[in-house]
Amino acid sequence: MSAVPELRITLAGSERAVAAGTTAGQALEADGRTVIAARVNGEPRDLAHELADGDVVEPITIDSDEGRAILRHSTAHIMAQAVQELFPEAKLGIGPPIENGFYYDFDVAEPFTPDDLKRIEKKMQEIVKQGQRFARRPVTDEAARTELAGEPYKLELIGLKGGASEAAEGAGVEVGAGELTIYDNLHPRTGELCWKDLCRGPHLPTTKVVPAFKLMRSAAAYWRGSEKNPQLQRIYGTAWESKDALKAYLTFLEEAEKRDHRRLGAELDLFSFPDEIGSGLAVFHPKGGVIRRAMEDYSRRRHEEAGYEFVYTPHATKGRLFEKSGHLDWYADGMYPPMQLDEGQDYYLKPMNCPMHNLIFGSRGRSYRELPLRLFEFGTVYRYEKSGVVHGLTRARGFTQDDAHIYCTPEQMPGELDSLLTFVLDLLRDYGLDDFYLELSTRDPEKSIGSDEIWEEATQILREAAEKQGLELVLDPGGAAFYGPKISVQARDAIGRTWQMSTIQVDFNLPERFDLEYQASDGSRQRPVMIHRALFGSIERFFAVLLEHYAGAFPAWLAPVQVVGIPITDEHVPYLERVAEKLRAEGIRVEIDSSDDRMQKKIRNAQKQKVPFMLLAGDEDAGKAAVSFRYRDGSQNNGVPIDEAVAEIVATVRERR
RNA sequence: GCCGGCGUGGCUCAAUUGGCAGAGCAGCCGCCUUGUAAGCGGCAGGUUAGGGGUUCAAGUCCCCUCGCCGGCUCCA
């Protein structure tokens with residue numbers, strides 16, 4: 001036996017002996033390009049991390065989620081170095097990896113210009129080319145304070161160490177819970193210190209192994225996420241394991257831009273936001289109106305079948321109602337300011353439907369036999385969204401909720417929540433969304449009312465209902481509204497983006513505040529449990545999500561124009577009109593293009609309008625009482641007998657395919 | 001609300017960096033009569049987001065307001 005002490009480590013599931021002083025990189029025989037870091041006993045570490053006896057070592061590859069996060073974090077450092085070389089007065093904020101990229105915040109006198117970003121990107125290329133080494137160095141708090149005396153924001157983070165998660169989102173990458181470390185960027189040959197940053201790591205072995213990155217944009221961001229703090233200048237970038245992966249990401253962004261509902265809404269003549277009306281207030285044009293009505297009609301039918309009763313309530317009300325509900329206490333900032341009527345009486349536009357529904361419940365004595373009582377309304381509400389957050393149909397100032405409030409006994413609640421969740425998911429699937437996960441939002445003790453027991457119980461019932469669906473369940477601690485816990489349904493769209501859709505909330509507050517009661521079978525008066533639920537959330541927003549999900553190519557049952565008849569020459573218009581009559585008799589939305597455009601142009605127009613069915617007819621078809629299909633995907637089916645063509649279209653629409 | 005960018009016919013974009021506001025598409029009127037993504041010709045359309053200022057002269061420079069875009073904060 002040699003005198004060199006040995007360590008026993010676990011590598012790829014099997015035990016091995018290695019010499020003392022072996023690094024994680026050596027043990028893994030990492031090339032530093034594909035395997036760029038290690039997980040040691042579950043913790044991510046640099047490849048240069050020296051192993052200890054009993055360590056369990058696993059590789060982290062650059063194309064894994066964890067690997068990309070390390071790559072992006074390292075790229076953020078490179079960017080910060082570039083910024084400080086070009087702008088020596090820039091002070092560092094934080095610079096964490098985020099989904100699809102990274103950012104770094106800087107305190108600079110002047111905001112960055114697009115031109116500055118180009119210069120920074122160029123400087124980053126130089127740093128990457130140099131191949132500077134990332135070297136980890138533990139420091140004491142005291143030493144860190146001395147070294148970083150010129151970086152006030154970093155000093156603040158050192159002071160918050162341990163409470164980093166509260167310091168700011170992303171601050172955890174700067175200061176971990178344990179000892180402080182500084183990462184030095186060292187020149188590959190001279191070993192000279194090029195730059196350093198307070199950072200928990202781990203990092204890539206060198207800057208050279210950054211395969212592809214791009215700076216995306218700059219914007220202001222509040223220091224530590226609070227609007228009370230000064231704004232720093234944030235630069236967003238992205239970095240990927242290969243040039244192809246970067247390119248794929250940029251292509252994805254382009255695709256998302258093409259699907260933007262604001263763009264498609266104008267292109268397809270669905271809706272608009274006239275300046276004359278005001279920010280965040282949409283008008284639906286006839287084609288958008290058709291889609292919206294088809295969505296609403298189907299939803300109405302399903303709700304009817306599921307035992308909901310339909311109510312209507314006004315858009316404005318005296319302030320007293322929202323004092324009673326508590327909305328004025330909690331959400332006054334988000335409400336339109338009041339108008340004074342009737343000798344100083346304050347009236348508000350309603351931001352919520354629930355108080356009105358409660359008044360309906362309370363309008364007469366209620367029996368346990370009526371429960372669960374399910375009140376449904378397409379209720380239009382108005383919320384004064386701050387000017388900077390208004391965003392097309394997804395964040396509007398006026399919108400319509402498919403809102404329902406369910407009043408039931410405590411015993412009925414578990415069953416009701418269970419069937420409700422099934423109902424919600426089924427209905428969303430009918431609209432073409434089928435990839436879901438659930439989120440359970442729990443109490444924020446700072447911002448809530450009610451006893452611990454009642455929260456605990458309601459949360460548990462919601463959790464059980466959620467788990468029963470067999471879907472992924474994500475926790476959202478502290479995410480609940482002040483009056484009760486909630487489940488939300490998150491849907492992934494056709495290009496993998498997630499949207500919050502339906503919400504189901506238990507409410508302990510309102511039945512109390514409105515003193516709601518029913519008479520139980522034993523004659524006693526009992527307080528009902530109240531469940532709020534919206535399926536689309538907002539119809540406008542759901543419309544936008546579907547528009548983006550389908551990229552404007554709605555399934556036939558929702559398409560504003562389901563069929564366009566295209567005559568080969570003008571002479572075939574009457575023939576197509578007769579076909580159209582048969583379709584209209586079946587409730588199909590059909591138009592005949594009798595403009596003086598050429599047939600090819602008509603096809604192009606229908607194609608651009610994303611019409612599901614084009615029916616062409618010329619002498620060949622007319623001669624055998626047939627039509628020729630051109631489908632949205634460009635494929636054809638020629639010489640189809642009229643009755644068969646009608647049946648095919650009707651079936652597609654009826655079956656909501 | 002905060003920071004930055006932007007605003008020219010319905011849409012997409014020009015206009016020598018202060019010197020006569022122009023094109024394509026869409027629209028309207030004709031001609032063409034056509035087999036699976038743009039036939040041809042003509043006509044019409046703008047107080048350059050609105051208001052104020054600088055200047056001999058403003059789409060262009062300055063100020064205010066409105067709106068939009070990208071973020072931050074917020075989102076019952």
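By convention in this document, chain letters (A, B, ...) are assigned in the order of the sequence lines, proteins followed by strands, and residues within each chain are numbered from 1. Quick note: numbers below take in every heavy atom, side chains included, and nothing from hydrogens, waters or symmetry partners.
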Checklist entry - Counting only non-hydrogen atoms, which of residues 319-331 of chain A are less than 4.0 Å from RNA chain B? => result A:His327, A:Tyr331
Item to check | Residues that A:Phe542 engages under ring-ring contact (aromatic ring centres under 6.0 Å, His included), provided they are two or more places apart | outcome: A:Tyr431, A:Phe536
Next on the checklist: Does B:C69 have OP1 or OP2 under 4.0 Å away from a side-chain N or O of A:Arg262?
Outcome noted: yes
Item to check | Contact residues, residues 377-387 of chain A to RNA chain B [heavy atom, < 4.0 Å] | outcome: A:Arg383, A:Lys386, A:Ser387
Checklist entry - Do any pairs count as a salt bridge (charged side-chain N to carboxylate O under 4.0 Å, His left out) and have a residue in residues 250-266 of chain A, sequence neighbours left out, and if so which ones? => result A:Glu255-A:Arg259, A:Asp260-A:Arg262, A:Arg263-A:Glu267
Checklist entry - Can you name the residues that form a side chain to side chain donor-acceptor pair (under 3.5 Å) with A:Asp333, not counting sequence neighbours? => result none
Next on the checklist: Just to verify, what does A:Tyr382 make a ring-ring contact (aromatic ring centres under 6.0 Å, His included) with, not counting sequence neighbours?
Outcome noted: A:His315
Next on the checklist: Applying ring-ring contact (aromatic ring centres under 6.0 Å, His included), can you list everything that pairs with A:Tyr384, at least two apart in sequence or on another chain?
Outcome noted: A:Tyr336
Item to check | Contact state string [nucleotides 35-46 of chain B, B base, S sugar-phosphate only, - no protein heavy atom under 4.0 Å] | outcome: BBBBB-------
Got a list of protein N/O to nucleotides 9-13 of chain B N/O distances below 3.5 Å?
none

Next on the checklist: If you compare every side-chain N and O of A:His391 against the phosphate oxygens of B:G71 (OP1, OP2), does one of them come in below 4.0 Å?
Outcome noted: no
Checklist entry - By ring-ring contact (aromatic ring centres under 6.0 Å, His included), which residues pair with A:His391, not counting sequence neighbours? => result none
Item to check | Pairs satisfying salt bridge (charged side-chain N to carboxylate O under 4.0 Å, His left out), at least one member in residues 604-613 of chain A, at least two apart | outcome: none
Item to check | Residue mapping more 5' on RNA chain B - nearest nucleotide basis, A:Asp333 or A:Ser226 | outcome: A:Ser226
Checklist entry - Ignoring hydrogens and angles, are the base of B:C75 and the side chain of A:Arg395 linked by a donor-acceptor pair under 3.5 Å? => result yes
Checklist entry - Does a side-chain N or O from A:Tyr236 land closer than 4.0 Å to OP1 or OP2 of B:C72, or not? => result yes
Checklist outcome for this item: So the side chain to side chain donor-acceptor pair (under 3.5 Å) pairs with at least one residue in residues 440-449 of chain A (sequence neighbours excluded) are A:Ser441-A:Asp476, A:Arg443-A:Ser448, A:Arg443-A:Asp452
